[in-house]
Asks: 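This structure is in structure tokens; I'll ask about it shortly.
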There are 2 protein chains.
Amino acid sequence: MAKIQSKKNSTKKEIIIEKAAGLFKEKGYGAASMRDIAETVGVEAASLYNHIQSKAEILQAICFKVANEFISHLEEVERNSEPTLKKMETIIRVHIRMMLEQYEYVYISDHEWRHLPEPYLSNFLNQRRSYRKRLSDIIEEGINKNEMKNIEPYVAVLTILSAISGIESWQRSRKSTSAETLEANMVKYLIEGLKK
Amino acid sequence: MAKIQSKKNSTKKEIIIEKAAGLFKEKGYGAASMRDIAETVGVEAASLYNHIQSKAEILQAICFKVANEFISHLEEVERNSEPTLKKMETIIRVHIRMMLEQYEYVYISDHEWRHLPEPYLSNFLNQRRSYRKRLSDIIEEGINKNEMKNIEPYVAVLTILSAISGIESWQRSRKSTSAETLEANMVKYLIEGLKK
DNA sequence: TTCTAATCCTAACACTTGTTAGTTTTCTTT
DNA sequence: AAAGAAAACTAACAAGTGTTAGGATTAGAA
């Protein structure tokens, strides 16, 4: 019989990762200690090592989970044959929604990847570079097909991804703007700036 | 006679801050130790305390130097009476150039402010909030005067500032795109998306 | 040169870090 | 109930943290 933890149908390892994510987001990877994590899990620090192998493994799990999710969404978009502008809108919406719904994980993947130990660090950066290259290929196609205005694809990708990652600051705020307003307006801004 | 350090006409304190900035950017505030800083300055860790009072003081100096610079640029823009779109372009260019020319300081101010001790932390966040409010006031005026398209000012400000802070990723890269291309295209993207 | 102040050094402090060893408790299965 | 596995505990480790004390060395002013 498979070993399934009672609570929320998740492994203890998954619980640890989730609690750790909260702390990594709040205090940063370096400032969140194993003893901090243990306390929020409700256990002694040493006991964590029955479920994980190291602190870095937690970070890896988070960063690569996010990366894989983005990549699989991108592959789906690449497979269909909509206009390039529509493709970019879909991608932008995916990013915004990930930022809204899986904020902690995405934030950590965005900001704490530097603490990944090798060879995971190089791996992560390669994936990232390749992902951005594929986005800029879509934009380049859009320009060639006269669906988008003539903008350096690399700069457009940088602008889009960075703009979205700024939702972090909205998440931290008192949120007088609703999530729907945020998504609608950011999509509008980023797509209008791209449109021919 | 005033005590002026020989090298580069800067105080030893300024040298320490500059060297520390390099390390904060590279490894993060938490991971850069006083002994690391001391080594790059060419001195023992304890000797740093003849010139600074604490590690946190270095971070404060950096964060508030950047904040003050942005605020004084904004005040200059607010004083003149150009069209709102032109005002925003100026502000965007100021931000991009700061990101290009004072990359380390701006990066730290953007990413490591969370480690500021109170009451500096609250102070910093208040300044930040007020700065963004003043930007969104300009955009709101632009919309009312029909110089800009109807976009949530808060979201526009968030998008603009975040997009620019993404230049960090360009700085880290192999820079196959020139600084001029970067600035021109990012301004184009962000202003076109704002224009009516 | 002598005095003084600035700046360096070594040593140590109290504490925190991630992690391991070894033991005991708890749960699952027979 | 007995046996075995899984997961908790306590205790400790070696290393690293920011910072202070106190003494040595250097530089500038008299």
Asks: Is the closest side-chain heavy-atom distance between A:Lys133 and A:Val157 below 4.5 Å?
Replies: no
Asks: Could you tell me the separation between the OH atom of B:Tyr49 and the C1' atom of D:dG23, rounded to a whole number of Å?
Replies: 20 Å
Asks: Strictly below 4.0 Å, heavy-atom distances to any atom of DNA chain D: list the hits from residues 58-66 of chain B, or just say none.
Replies: none
Asks: Measuring from atom CZ of A:Phe70 to atom CZ of A:Arg128, what distance do you get when rounded to the nearest 0.5 angstrom?
Replies: 9.5 Å
Asks: Considering only NZ, NE, NH1 and NH2 on the basic side and carboxylate oxygens on the acidic side, decide whether A:Glu192 and A:Lys195 come within less than 4.0 Å.
Replies: yes
Asks: Under 4.0 Å between a side-chain N or O of B:Lys12 and OP1 or OP2 of C:dC8?
Replies: yes
Asks: Rounded to the nearest 0.5 Å, how far apart are CE of A:Met148 and CD1 of A:Ile191?
Replies: 7.0 Å
Asks: Taking the six-membered ring for Trp, are A:His111 and A:Phe24 ring centroids under 6.0 Å apart?
Replies: no
Asks: Measure from the side-chain heavy atoms of A:Ser33 and tell me the nearest of C:dT17, C:dT19, D:dG18.
Replies: C:dT17
Asks: So which nucleotide from D:dT19, C:dC9, C:dT19 ends up closest to the side chain of A:Lys55?
Replies: C:dT19
Asks: Between A:Gln53 and A:Ala31, which has a closest nucleotide on DNA chain C that is more 5'?
Replies: A:Ala31
Asks: Out of D:dA8, C:dG18, D:dT19, which nucleotide sits closest to the side chain of A:Asn50?
Replies: D:dA8
Asks: Could you tell me whether the side chain of B:Arg35 has a donor or acceptor atom within less than 3.5 Å of a complementary atom in the base of D:dG18?
Replies: yes
Asks: C:dA6, OP1 or OP2 - any side-chain N/O from B:His51 closer than 4.0 Å?
Replies: no
Asks: Round to a whole Å and report the spacing from CG of B:Leu23 to P of D:dT17.
Replies: 12 Å
Asks: Between B:Ser109 and B:Tyr105 (side chain of the first, backbone of the second, donor and acceptor by atom type, cut-off under 3.5 Å), is there such a pair?
Replies: no
Asks: Give the rounded distance in Å between these two atoms: CD of B:Glu44 and C1' of D:dA24.
Replies: 14 Å
Asks: Is a side-chain donor or acceptor of B:Ser122 paired with a backbone partner of B:Glu118 at a separation under 3.5 angstrom?
Replies: no
Asks: Rounding to an integer number of Å, can you tell me how far B:Ile52 CD1 sits from D:dG18 C1'?
Replies: 10 Å
Asks: Separation of B:Leu48 atom CG from D:dG18 atom P, in whole Å?
Replies: 10 Å
Asks: Would you mind classifying the nucleic acid contact of A:Ala32 as base, sugar-phosphate or nothing, using non-hydrogen atoms under 4.0 angstrom?
Replies: sugar-phosphate
Asks: Distance check needed: C:dT19 P versus A:Glu57 CD, whole Å only.
Replies: 10 Å
Asks: Can you tell me if B:Ser47 touches the phosphate of C:dT7, counting only side-chain N or O atoms and a distance under 4.0 Å to OP1 or OP2?
Replies: no
Asks: Could you check which of C:dT20, C:dC9, C:dT19 has an atom nearest any side-chain atom of B:Ala46?
Replies: C:dC9
Asks: Report the distance from atom NZ of A:Lys27 to atom C1' of C:dT16, rounded to the nearest whole Å.
Replies: 12 Å
